[in-house]
Amino acid sequence: MTCAVAVSPFQVVSSRKNATATQSSKEPPISTASLHATTIATAADFFTPSQLQQLHARLIKSGLPPSSSASALPLPRVAAVCALSSPSAFSYARRLFGLSDVASETVLWNSHLNTLSSSPSPADALALFSRLRFAGVASDVFTLSFVLKACSRTPAALPLGRAVHALVEKLGFRSDVFLLNTLVHMYASRGDISAARLLFDVIPAKDVVTWNIMITHYTKTGEMEIARHLFDLMPERSVRSWTAMIAGYGQWKKPREAVRLFREMESAGVQPNEVTVVAVLAACADLGELDLGKRVHEFAKRCSFQKNNVRVCNTLIDMYINCGCVEKARQVFDEMAERTVVSWSAMIGGHAMHGQGEESLKLFSRMREAGMEPNGVTFVGLLHACSHMGLLEEGKRFFRSMTEDYGIVPEIEHYGCMVDLLSRAGFLEEAREFIREMPVKANSVVWGALLGGAKVHKNINMGEEAIRHLVELDPLNDGYYVVLSNIYADAGRWEDVAKVRRMMKDRGLKKTPGWSTISLDDEVVHEFVAGESDHPRIEEVYRGWDELLEKLRCRGYVPDTSAVLLDMDEKEKEKVLYRHSEKLAVVFGLMNMRAGRPIRIMKNLRVCSDCHAALKLISEVTDREIVVRDRNRFHCFKHGSCSCRDYW
DNA sequence: CTAGGGTTAG
């Protein structure tokens with residue numbers, strides 16, 4: 001052990017006594033415990049040579065013989081720190097290694113390269129590698145695979161990656177599939193797709209990982225057809241192959257495909273893992289696929305995913321929220337042992353979407369008490385909550401606090417929320433002013449919010465102002481024109497309604513037909529389209545509506561035909577209203593679902609005022625809970641009233 | 001001592 005001390009390049013520390021003396025000198029003492037694998041890289045910057053020496057001395061003092069268990073000792077860690085310090089420290093590190101009885105030096109360095117390559121600063125692995133090359137330490141397949149991994153994770157490391165590729169050839173490792181896979185991955189993640197693909201195509205003995213790497217690349221860039229092509233072509237698929245595809249479909253807004261593939265995966269008998277669960281739950285959230293979501297939840301419980309994995313829980317929360325089950329979401333949230341800012345934000349936003357703004361604000365207080373720092377998304381949820389409750393001052397306070405107290409720079413979403421808040425509350429001029437003073441360029445969401453406010457408050461000028469910008473920003477979206485013509489119709493300006501219709505025609509736009517979906521207990525989705533449904537049981541549904549209408553009339557229901565923009569007589573307008581998709585879907589649900597089960601409906605557009613009024617009454621007359629997922633939010637109809645409190 | 005997949009806003 002004393003010889004270890006003697007090789008120190010710094011200062012001779014020859015006894016335990018001296019080691020102690022070093023500790024009590026001016027240099028602040030360091031703790032060996034602070035040398036965690038992942039902090040090695042930063043530690044290298046912190047430790048001065050004398051601190052390193054001090055640390056070494058402490059190790060000697062601990063009395064553990066370096067030969068006892070080299071990997072259990074912090075000695076290699078000390079060495080790793082030295083290795084990234086000055087060149088002299090590097091040779092010191094090498095000599096430190098010389099103390100242990102590890103057969104090959106390469107193996108030891110490999111383990112550090114491994115650690116560094118997956119650390120937050122993979123460039124440190126590259127630095128260490130260049131030291132190793134310079135010092136003439138031999139590289140093996142492991143060395144190169146770690147270096148390539150580090151290259152994949154380091155921007156601008158493509159040239160070095162290519163050099164390592166050359167080394168792979170030079171050292172005769174070209175038939176090592178493992179190494180070739182890391183190479184393909186390196187090229188793909190560093191943006192040299194043609195090199196990646198070229199290599200992929202010439203690897204004769206591709207394994208499942210080779211395919212997965214390439215497939216994952218295409219799912220990341222959104223080239224889902226190519227990804228699918230490879231997926232269909234590959235000889236055998238692992239969980240990760242399926243998961244990559246499912247996640248890709250989800251990310252590129254093809255949740256139907258994601259769910260379809262998940263079901264195929266089930267039929268193929270492949271066990272989903274945590275990541276699969278997250279991916280398919282996200283797709284369920286997008287689709288409002290509650291039944292499948294619930295089934296996946298059960299599975300996640302059985303596998304203890306819910307207990308052990310925060311991301312699984314966060315996605316479960318999101319799924320339940322987007323399927324209209326806030327209570328279920330809240331239950332998952334409450335049962336979580338550990339929560340991240342994502343969990344809190346999702347739940348805060350979820351309560352807001354369901355008209356439970358008070359709960360959002362309460363949760364925010366609890367979040368702060370728990371010492372959790374909010375982020376931008378948290379504030380979107382809070383502003384949303386204020387907006388839906390009409391809490392103007394509260395919302396303004398949050399908006400200010402966000403920057404002043406939390407240092408969060410508002411993004412376009414926050415400005416959108418503020419415009420929504422202001423204009424919904426009737427402060428259209430102030431909203432307009434707010435847009436003018438925004439430091440970022442308003443997008444269609446922002447102007448859309450102003451347009452929405454203009455409709456609620458019947459302000460024609462503001463509506464026209466908003467549409468001027470919207471036709472520029474989002475010319476193909478027919479929804480805005482429809483809202484504008486609504487505003488005109490409300491004011492009885494039929495010639496302007498016709499003008500808007502001509503505008504739409506000139507641009508080749510047609511009003512998107514409204515549709516609603518409802519799923520019974522068997523995971524089968526039934527779709528109803530306004531006016532002309534081709535559902536096989538549509539006649540039955542029409543008769544069911546006529547019967548229900550009689551009951552509603554007895555309770556004082558009067559059709560509100562103002563939402564019908566066509567020029568026709570009142571009776572005709574009523575007929576149009578009675579074929580609105582959400583009404584048909586509700587009737588279908590009432591006819592086919594057990595009493596007491598809530599009816600859940602998803603709609604592509606916003607609920608019209610007549611359907612809103614009708615659904616409130618239906619919930620009372622039939623004593624049913626009806627949950628409708630709108631384009632923007634949820635309406636929960638119960639005992640004759642709606643969770644949105646008619647403020648939407 | 002080896003590579004590949006994931007969550008919150010709209």
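Quick note on labels: first sequence line is chain A, next is B, and so on, each numbered from 1. Since the structure is predicted, the reported quantities are computational estimates derived from the model, not experimental observations.
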Item to check | Test side chain to side chain contact (heavy atoms under 4.5 Å, CB included) applied to A:His414 - qualifying residues, sequence neighbours left out | outcome: A:Phe379, A:Val380, A:Leu383, A:Phe399, A:Met402, A:Pro410, A:Glu411

Checklist entry - Atom CE of A:Met372 to atom P of B:dT8: distance rounded to whole Å? => result 17 Å

Checklist entry - Is there a residue in residues 245-256 of chain A whose heavy atoms reach under 4.0 Å of DNA chain B, and which residues are they? => result A:Ala247, A:Gln251

Item to check | Ion pair A:Glu359/A:Lys362, N-O distance below 4.0 Å | outcome: yes

Item to check | Chi angles and distances behind the salt bridge (charged side-chain N to carboxylate O under 4.0 Å, His left out) call for A:Arg263, A:Glu266 | outcome: CA-CA 5 Å; A:Arg263 296 207 163 107; A:Glu266 284 184 306; 5.1 Å; no

Checklist outcome for this item: Between CH2 of A:Trp242 and P of B:dG6 the distance, given in whole Å, is 18 Å

Checklist entry - Touch check for A:Asp318, heavy atoms < 4.0 angstrom, all strands: base, sugar-phosphate only, or nothing? => result sugar-phosphate

Next on the checklist: Does either side chain, that of A:His297 or that of A:Tyr320, offer a donor lying less than 3.5 Å from an acceptor on the other one?
Outcome noted: yes

Item to check | Of residues 441-451 of chain A, the positions that come close to DNA chain B - non-hydrogen atoms, cut-off under 4.0 Å | outcome: none

Checklist entry - Going by number, which of residues 203-227 of chain A have a non-hydrogen atom under 4.0 Å from DNA chain B? => result A:Asp207, A:Val209, A:Asn212, A:Ile213, A:Thr216, A:Lys220

Checklist entry - Between B:dT8, B:dG5, B:dT7, which nucleotide has the shortest distance from any of its atoms to the side chain of A:Arg311? => result B:dT7

Next on the checklist: Check this for me: does the side-chain of A:Asn181 come within 3.5 Å of the base of B:dG4 through a donor and an acceptor?
Outcome noted: no

Checklist entry - Is the distance between the ring centroids of A:Tyr187 and A:His165 under 6.0 Å? => result yes

Checklist entry - Among B:dG5, B:dT7, B:dT2, which is the nearest nucleotide to the side chain of A:Val278? => result B:dT7

Checklist outcome for this item: Side-chain contact check for A:Thr243: nearest option of B:dA9, B:dA3, B:dG5 is B:dG5

Checklist outcome for this item: With sequence neighbours left out, the residues meeting side chain to side chain contact (heavy atoms under 4.5 Å, CB included) with A:Ala268 are A:Trp242, A:Val270

Checklist entry - Would you call A:Glu335-A:Lys307 a salt bridge at under 4.0 Å N-O? => result no

Item to check | Nearest-Å distance for atom pair CG/C1', residues A:Leu148 and B:dT2 | outcome: 11 Å

Checklist entry - Would A:Asp420 and A:Ser387 count as having a side-chain donor-acceptor pair, cut-off 3.5 Å? => result yes

Item to check | A:Gly376 vs A:Val275, nearer the 5' end of DNA chain B by closest nucleotide | outcome: A:Val275

Checklist entry - With respect to the side chain of A:Val312, which nucleotide from B:dG6, B:dA3, B:dC1 is positioned closest? => result B:dG6

Checklist entry - Rounded to whole angstrom units, what separation is found between the CZ atom of A:Phe129 and the C1' atom of B:dT2? => result 15 Å

Item to check | Close residues, residues 293-309 of chain A, relative to DNA chain B [heavy-atom separation under 4.0 Å] | outcome: A:Asn309

Checklist entry - Rounded to whole angstroms, how far apart are OH on A:Tyr415 and P on B:dG10? => result 17 Å

Checklist entry - Excluding sequence neighbours, so at least two apart, what forms ring-ring contact (aromatic ring centres under 6.0 Å, His included) with A:Phe398? => result A:Phe364

Checklist entry - Would you say B:dG4 has OP1 or OP2 under 4.0 Å from some side-chain N or O of A:His185? => result yes

Next on the checklist: I want to check one thing: is the phosphate of B:dG10, taken as OP1 and OP2, less than 4.0 Å away from some side-chain N or O of A:His384?
Outcome noted: yes

Checklist entry - Taking only residues two or more places apart in sequence, or in another chain, which ones meet A:Glu373 in a side chain to side chain contact (heavy atoms under 4.5 Å, CB included)? => result A:Tyr406

Item to check | Gap between atoms CG and P, on A:Asp286 and B:dT7 respectively (whole Å) | outcome: 11 Å

Next on the checklist: Students often get this wrong, so: under 4.0 angstrom with heavy atoms, is A:Phe379 touching a base, only sugar-phosphate, or nothing?
Outcome noted: nothing

Item to check | Gap between atoms CE and P, on A:Met353 and B:dT8 respectively (whole Å) | outcome: 11 Å

Checklist entry - Is A:Arg606 paired with A:Asp630 through a side-chain N to carboxylate O contact shorter than 4.0 Å? => result yes

Checklist entry - So among A:Lys301, A:Arg302, A:Arg295, A:Lys294, which one has a salt bridge (charged side-chain N to carboxylate O under 4.0 Å, His left out) with A:Glu298? => result A:Lys301

Can you list, pair by pair, the side-chain donor-acceptor contacts under 3.5 Å of residues 442-455 of chain A, counting residues two or more places apart and other chains?
residue, atom, partner, partner atom, Å
A:Asn443, OD1, A:Val445, N, 3.1
A:Asn443, OD1, A:Val446, N, 3.0

Next on the checklist: If you apply the rule ring pair (Phe, Tyr, Trp, His ring centres under 6.0 Å), what do you find for A:Phe333 with A:Trp344, and how did you get there?
Outcome noted: CA-CA 8 Å; A:Phe333 178 86; A:Trp344 289 96; 5.1 Å; yes

Checklist entry - Which nucleotide sits closest to the side chain of A:Phe142: B:dA9, B:dT7, B:dC1? => result B:dC1

Checklist entry - Within the distance-only criterion (no hydrogens, no angle test), does the side chain of A:His354 pair as donor or acceptor with the backbone N or O of A:Ile321 below 3.5 angstrom? => result yes

Checklist entry - With a non-hydrogen cut-off below 4.0 angstrom, is A:Thr143 in contact with a base, only sugar-phosphate, or nothing? => result nothing

Counting only pairs under 3.5 Å, give me each side-chain donor-acceptor contact of residues 243-251 of chain A, with atom names and distances, residues two or more places apart or in other chains.
residue, atom, partner, partner atom, Å
A:Thr243, OG1, A:Val239, O, 2.7
A:Thr243, OG1, A:Thr276, OG1, 2.8
A:Tyr249, OH, A:Arg228, NH1, 3.2

Item to check | Side-chain donor-acceptor contact under 3.5 Å, A:Asn110 with A:Asn114 | outcome: no

Item to check | Interface residues of residues 328-349 of chain A with DNA chain B (non-hydrogen, below 4.0 angstrom) | outcome: A:Val342, A:Ser345

Next on the checklist: Please pick, from B:dT2, B:dG4, B:dT8, the nucleotide with the shortest atom-to-atom distance to any side-chain atom of A:Arg240.
Outcome noted: B:dG4

Checklist entry - In whole angstroms, how far is the C1' atom of B:dC1 from the NE2 atom of A:His112? => result 11 Å

Item to check | Any residue meeting salt bridge (charged side-chain N to carboxylate O under 4.0 Å, His left out) with A:Lys149, in chain and number order, not counting sequence neighbours | outcome: none

Checklist entry - Between B:dG10, B:dT7, B:dG5, which nucleotide gets closest to the side-chain atoms of A:Val380? => result B:dG10

